[in-house]
Amino acid sequence: ERFRKGDSHYAFSNHIIILGIDDMVPYLIQQLRRNAEYKKCDIVVLTVEDTEQVRLKFHAELNRKEERRLVILHGMRLLIMPLLQDVDLSLTIDDETYKEELKKARVHKAEKLFILGEANEYDRDSLNIDCVKRVAEICEQTKRKKPLCCHVLFEYQGTFSVFQVSDISQQIKQYIE
């Protein structure tokens, strides 16, 4: 039951993590599986979506070989602040809880990371940038030696353009490439 709901914990290492779900994820998985380097690598997808529904979607779009060693975990990569005035913010989960969600996917032991965000997510670009910072903090806390290869999806061309001319901090660069 816990496996089907995406609440299981695994001892992943040298795996690929995809944070978030949108329509491009099955194609990304297919592309990764075609690469000889990643054919036998675990692929971990962390999403807030219903994991059983995600599993069914993947089953319809991926073949058996592509689905092999694919794990779907339920969790949030970041705190998404409520935008409604009548929401009780005292119920908001603290920052450490969200780092634990990322640690559940063993981001500090991953070979490669794709930060995509969830489909139709409000303010996806800034949430993805914040996620990079959190991942770097986790890598620092766990004393990761080799920088993590990280790919970030930006929804807006403007965000991408800013990142082409600016640079991330040296502290982040030490853990994320």
Side-chain angles (χ1 to χ4, degrees), residues 6-22 24-25 27-49 69-81 92-119 121-177:
D7 291 328
S8 298
H9 293 270
Y10 300 90
F12 299 112
S13 186
N14 298 318
H15 56 297
I16 298 168
I17 301 175
I18 301 171
L19 298 178
I21 289 284
D22 68 8
M24 76 168 21
V25 173
Y27 304 107
L28 175 60
I29 293 169
Q30 290 170 342
Q31 185 178 3
L32 289 167
R33 290 296 187 217
R34 272 183 259 174
N35 184 329
E37 185 179 355
Y38 304 118
K39 273 189 178 171
K40 296 184 179 178
C41 191
D42 288 320
I43 297 177
V44 178
V45 178
L46 181 71
T47 180
V48 296
E49 299 292 325
R69 299 185 72 133
L70 176 64
V71 178
I72 303 158
L73 297 177
H74 186 265
M76 299 176 80
R77 74 193 194 292
L78 279 180
L79 171 65
I80 303 168
M81 291 298 286
T92 302
I93 300 172
D94 66 1
D95 188 52
E96 286 303 312
T97 302
Y98 291 94
K99 284 183 186 173
E100 289 303 315
E101 294 286 311
L102 291 172
K103 287 178 185 175
K104 178 168 76 172
R106 295 182 54 92
V107 71
H108 60 289
K109 296 282 189 178
E111 180 71 25
K112 194 173 285 251
L113 173 65
F114 293 88
I115 302 174
L116 306 180
E118 302 292 338
E121 184 174 55
Y122 178 77
D123 211 13
R124 181 192 294 196
D125 289 357
S126 64
L127 291 171
N128 285 350
I129 293 166
D130 285 344
C131 187
V132 169
K133 293 176 188 174
R134 293 235 177 102
V135 168
E137 289 171 10
I138 291 168
C139 290
E140 181 179 20
Q141 289 169 358
T142 58
K143 297 179 180 14
R144 182 183 172 98
K145 293 184 182 10
K146 178 183 163 193
L148 175 60
C149 179
C150 181
H151 302 271
V152 182
L153 175 68
F154 292 122
E155 189 172 18
Y156 296 106
Q157 181 64 36
T159 308
F160 177 70
S161 297
V162 167
F163 264 79
Q164 284 185 309
V165 297
S166 66
D167 208 355
I168 59 175
S169 75
Q170 286 299 93
Q171 184 180 3
I172 292 175
K173 274 187 180 180
Q174 186 176 351
Y175 299 102
I176 304 286
E177 70 177 11

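Taking 4.5 Å as the limit, every side-chain heavy atom of Val135 sits out of range of all side-chain heavy atoms of Cys150. For the pair Tyr122 and Leu127, the minimum side-chain heavy-atom distance is 4.5 Å or more. The shortest distance between side-chain heavy atoms of Val107 and Leu148 falls below 4.5 Å.
Residues that satisfy the side-chain hydrogen bond (donor to acceptor under 3.5 Å, both in side chains) test with Glu140, not counting sequence neighbours, are Gln171.
Applying the side chain to side chain donor-acceptor pair (under 3.5 Å) definition to pairs two or more places apart or across chains, those involving residues 31-40 are Tyr38-Lys112.
The minimum heavy-atom distance linking Arg106 with His15 is given by the pair O-CE1, 3.1 Å. Here the shortest heavy-atom pairing between Gln174 and Pro147 reads O-CG, 3.8 Å. The two residues Val45 and Gly20 have their closest heavy-atom pair at CG1-O, 4.2 Å. The shortest non-hydrogen separation linking Glu111 to Lys146 is OE2-NZ, 3.4 Å.
In this structure, His108 NE2 and Ser13 OG are separated by 8.5 Å, a value rounded to the nearest 0.5 Å. Taken to the nearest 0.5 Å, the CD1 atom of Ile21 stands 9.5 Å off from the CG atom of Leu46. To the nearest 0.5 Å, the span separating CD1 on Ile138 from OH on Tyr175 amounts to 13.0 Å. Expressed to the nearest 0.5 Å, how far CZ of Phe114 lies from CD1 of Ile17 amounts to 11.0 Å. Here CD1 of Ile18 is found 4.5 Å from CD1 of Ile29. Values are rounded to the nearest 0.5 Å. Distance check, rounded to the nearest 0.5 Å: NZ of Lys109 to SG of Cys139 gives 11.0 Å.
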Test side-chain contact (heavy atoms from CB on, under 4.5 Å) on Leu116 and Leu28; report intermediate values, then the result. CA-CA 11 Å; Leu116 306 180; Leu28 175 60; 4.2 Å; yes
Take Leu113 and Leu19, measure what side-chain contact (heavy atoms from CB on, under 4.5 Å) needs, and give me the verdict at the end. CA-CA 8 Å; Leu113 173 65; Leu19 298 178; 3.8 Å; yes
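Side-chain N or O atoms of His74 include one that pairs as donor or acceptor with a backbone N or O of Val48 at under 3.5 Å. With hydrogens and angles disregarded, a donor-acceptor distance shorter than 3.5 Å links the side chain of Asn128 to the backbone of Leu153. Between the side chain of Arg124 and the backbone N or O of Glu118, at least one donor-acceptor pair lies under 3.5 Å.
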